[in-house]
2 protein chains.
Amino acid sequence: MPNLKDVAKKAGLSINTVSRVLNNRGYISEKTREKVYRVMKEMNYQPNEMARALFRKRSNMIGLIIPTISHPFFAELTYYLEYYADHKGYKLLLCNSNRNVSKEVEYIEMLKKNQVDAIIMGSAVLDVQHYLHLDLPIVSFDRVISEDIPVVTSNNLEGGKLAARLLINKGCLHPVFIFRGIDGPQHRSMLAGQRRQGYEAEVESAGMEPLQLQLDAEGSKHIENNAAIIAYFQEHPEIDGVFASSDVIAAEVIHACYLLKKDIPSEIKIVGYDDVQIASLISPRLSTVRQPIQEMSDSIIQLVVKQIEGKEVSMVNTFPVTLVERGTT
Amino acid sequence: MPNLKDVAKKAGLSINTVSRVLNNRGYISEKTREKVYRVMKEMNYQPNEMARALFRKRSNMIGLIIPTISHPFFAELTYYLEYYADHKGYKLLLCNSNRNVSKEVEYIEMLKKNQVDAIIMGSAVLDVQHYLHLDLPIVSFDRVISEDIPVVTSNNLEGGKLAARLLINKGCLHPVFIFRGIDGPQHRSMLAGQRRQGYEAEVESAGMEPLQLQLDAEGSKHIENNAAIIAYFQEHPEIDGVFASSDVIAAEVIHACYLLKKDIPSEIKIVGYDDVQIASLISPRLSTVRQPIQEMSDSIIQLVVKQIEGKEVSMVNTFPVTLVERGTT
DNA sequence: CCCTTTATATCAACCGGTTGATACAAAACC
DNA sequence: GGTTTTGTATCAACCGGTTGATATAAAGGG
């Protein structure tokens with residue numbers, strides 16, 4: 001690969017002059033400029049962005065840490081994050097933490113060593129202290145890390161209420177909230193926990209008992225979840241409505257119903273959360289609480305860029321959710 | 001952020017000595033070594049990997065270009081690619097091309113400027129010529145770019161045959177192959193086209209006509225696909241089996257059957273391709289041709305690393321597929 | 001005790017760029 | 001024509017590291 005020196009030599013100029021052409025700095029004659037461009041094209045010269053980054057102390061890279069890209073929600077989120085990052089001239093470094101604490105620590109260190117300009121945390125199992133001396137712009141997703149780290153989230157409380165209200169309005173008398181361990185009460189700071197709270201509030205105010213079923217956090221194997229859901233349905237045959245904390249869990253619930261030959265929506269109604277592709281792909285199509293993933297991604301990137309540019313940002317960025325009624329209610 | 005100079009000053013040593021400790025080069029006394037480590041810990045020093053990369057001409061970054069991370073297949077592939085890359089000390093730079101030619105060109109240039117050590121092409125709509133003067137290790141996925149660029153793929157021909165044979169064995173008399181435009185005959189070099197060929201060969205040898213339905217390449221909107229599938233089923237009521245070129249398409253077919261109240265598997269049988277999460281999430285669970293995504297990802301990373309290290313690699317790497325029979329056949 | 005090893009630390013050049021200060025020439029002004 | 005202004009190109013230092021060559025001191029050998 002040719003470098004500036006090669007270009008300069010071939011053009012009969014000094015390195016700095018060529019660099020000046022590249023950066024549009026100082027006075028350069030048209031003749032010189034054209035010659036430089038010509039030679040660059042001839043040699044197929046590409047500036048070394050690493051060298052530039054080193055000098056400028058700006059890599060234009062953003063580290064993205066999520067539990068796993070194979071989850072549809074994070075896949076869609078990441079798609080849009082990459083889209084908006086690219087628009088602003090940033091590249092995305094992908095990290096799957098699997099919600100593993102030590103992996104998260106390692107990735108944060110790695111990203112810092114690699115001079116990313118900012119980190120987007122979509123997985124956050126670490127304590128605040130780890131972030132204090134990080135000295136790097138961060139945007140958190142769906143979890144409050146600390147008061148001075150901006151967070152982007154959907155209105156989970158409202159989402160929980162919407163889902164509960166829909167089930168109630170459709171005549172459910174015994175709805176249950178089904179969630180993964182990670183989304184549960186033990187992780188208070190996890191904003192997704194508010195889905196549960198919204199659901200509880202609404203169900204209680206309708207004079208019903210807010211039932212819950214917690215699936216094993218690690219048991220992402222469908223079989224285990226499936227067994228747990230089926231067992232729960234058999235123990236509680238009165239259940240006639242489900243609010244699942246994600247569309248993927250809702251799909252598992254639907255499958256359990258299929259196996260138990262419970263008809264949807266006549267015998268049991270189901271509401272998911274997220275509105276990812278799978279929601280409109282399964283049969284019947286899933287009623288769900290829609291998070292505006294694209295807008296949220298846009299916001300995340302904007303917050304990242306603003307912070308990098310040293311501007312003020314708002315700390316809590318909550319996006320409205322909307323109810324999407326389809327075939328399961 | 002402290003740098004080597006700061007560490008050296010605080011430890012009362014020269015920069016180079018400290019660098020030697022970091023790199024385990026030359027003779028260093030235990031005392032010196034310990035002192036350096038202590039000071040580094042005290043200052044929370046992290047070496048600047050960009051500077052190291054600049055000198056070593058090795059960024060330890062791999063560029064990944066795929067159509068879109070939001071497709072479940074690429075999401076799972078990417079999950080494992082990141083996993084194995086991380087194991088070998090490489091980071092992944094994510095690029096969604098949307099199968100857009102100019103995007104692909106831009107991304108390739110960007111990756112080159114950013115000094116990635118190699119590129120994994122999961123999207124490849126470009127001509128060979130673009131890759132010729134790239135002068136960078138490449139591994140292609142599911143598409144032969146040129147003779148000297150290694151490719152990793154599943155045995156698509158065999159997969160097509162397996163699927164067709166399953167449908168035939170289960171008694172289908174009028175099976176149809178449904179695929180997206182991009183996977184079709186016009187892209188001969190696309191190995192996924194071989195799924196069709198395998199299917200055709202098997203169906204013909206059973207004395208039946210190999211029917212086909214091509215969905216709009218761009219119409220990734222479910223609605224359009226759905227309408228197309230439903231229309232096809234209404235025009236061809238004799239259809240009693242479907243081989244879909246991906247699990248996502250199979251899900252769309254299942255949904256069309258749900259709307260048309262065609263019972264699966266009694267009235268119509270369906271086989272997908274990939275065996276991604278969604279296959280075991282939909283109801284009934286999808287029979288499909290399984291690609292060994294994890295092993296393929298491992299192989300891709302191995303090919304990448306070998307090439308970076310200047311070793312010889314095999315050009316064609318075909319992985320066996322297996323039939324996974326579930327509820328749709 | 002001198003000479004060779006062996007251990008330890010430093011000098012200086014380099015990776016591929018950027019940029020403030022500066023030299024030099026040509027054009028513009030009075 | 002001398003002086004200022006403006007245009008053009010170069011010098012040298014820097015970003016944060018790495019490394020071959022070299023200097024210096026301590027230990028070992030005869």
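Proteins get letters first, then strands, A, B, ... in listed order; numbering begins at 1 in each.
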Sub-3.5 Å pairs of nitrogen or oxygen atoms, protein against nucleotides 11-14 of chain D:
from	atom 1	to	atom 2	distance (Å)
D:dC11	N4	A:N16	ND2	2.6
D:dA12	N6	A:N16	ND2	2.3

Output the rounded distance in Å from [atom1] ([X]) to [atom2] ([N]).
| X | N | atom1 | atom2 | answer |
| --- | --- | --- | --- | --- |
| B:R58 | D:dG17 | CZ | C1' | 17 Å |
| B:R52 | C:dG17 | CZ | P | 22 Å |
| A:L4 | C:dT19 | CG | P | 12 Å |

Taking five pairs at each terminus, the helix from C:dC1-D:dG30 to C:dC30-D:dG1 shows an axis bend, to 10°, of 50°
Sugar-phosphate only, base, or nothing, as touched by B:K57 at under 4.0 Å among non-hydrogen atoms
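Sugar-phosphate contact only.
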Using a heavy-atom cut-off of 4.0 Å across all strands, would you classify A:L54 as base, sugar-phosphate, or nothing?
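Here A:L54 touches the bases of the nucleic acid.
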Listed by chain and number, what are the side-chain hydrogen bond (donor to acceptor under 3.5 Å, both in side chains) partners of A:N16, not counting sequence neighbours?
A:S14
By nearest atom, which of the nucleotides C:dT18, D:dG17, C:dG16 is closest to the A:N23 side chain?
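Nearest listed nucleotide: C:dT18.
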Of the nucleotides D:dG16, C:dT10, C:dT19, which has the atom closest to the B:N48 side chain?
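It is D:dG16.
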Under 3.5 Å, which N/O atoms of the protein pair with N/O atoms of nucleotides 23-27 of chain D?
none

Can you classify the ring geometry of A:Y79 versus A:Y83 as parallel (below 30°), tilted (30 to 60°) or perpendicular (above 60°)?
parallel
Strictly below 4.0 Å: does A:N3 bring a side-chain N or O up to OP1 or OP2 of C:dG16?
yes
Do any pairs count as a side chain to side chain donor-acceptor pair (under 3.5 Å) and have a residue in residues 297-308 of chain A, sequence neighbours left out, and if so which ones?
A:D298-A:Q302
Under the side-chain contact (heavy atoms from CB on, under 4.5 Å) rule, collect the residues that match up with B:N3, sequence neighbours excluded.
B:K5, B:D6
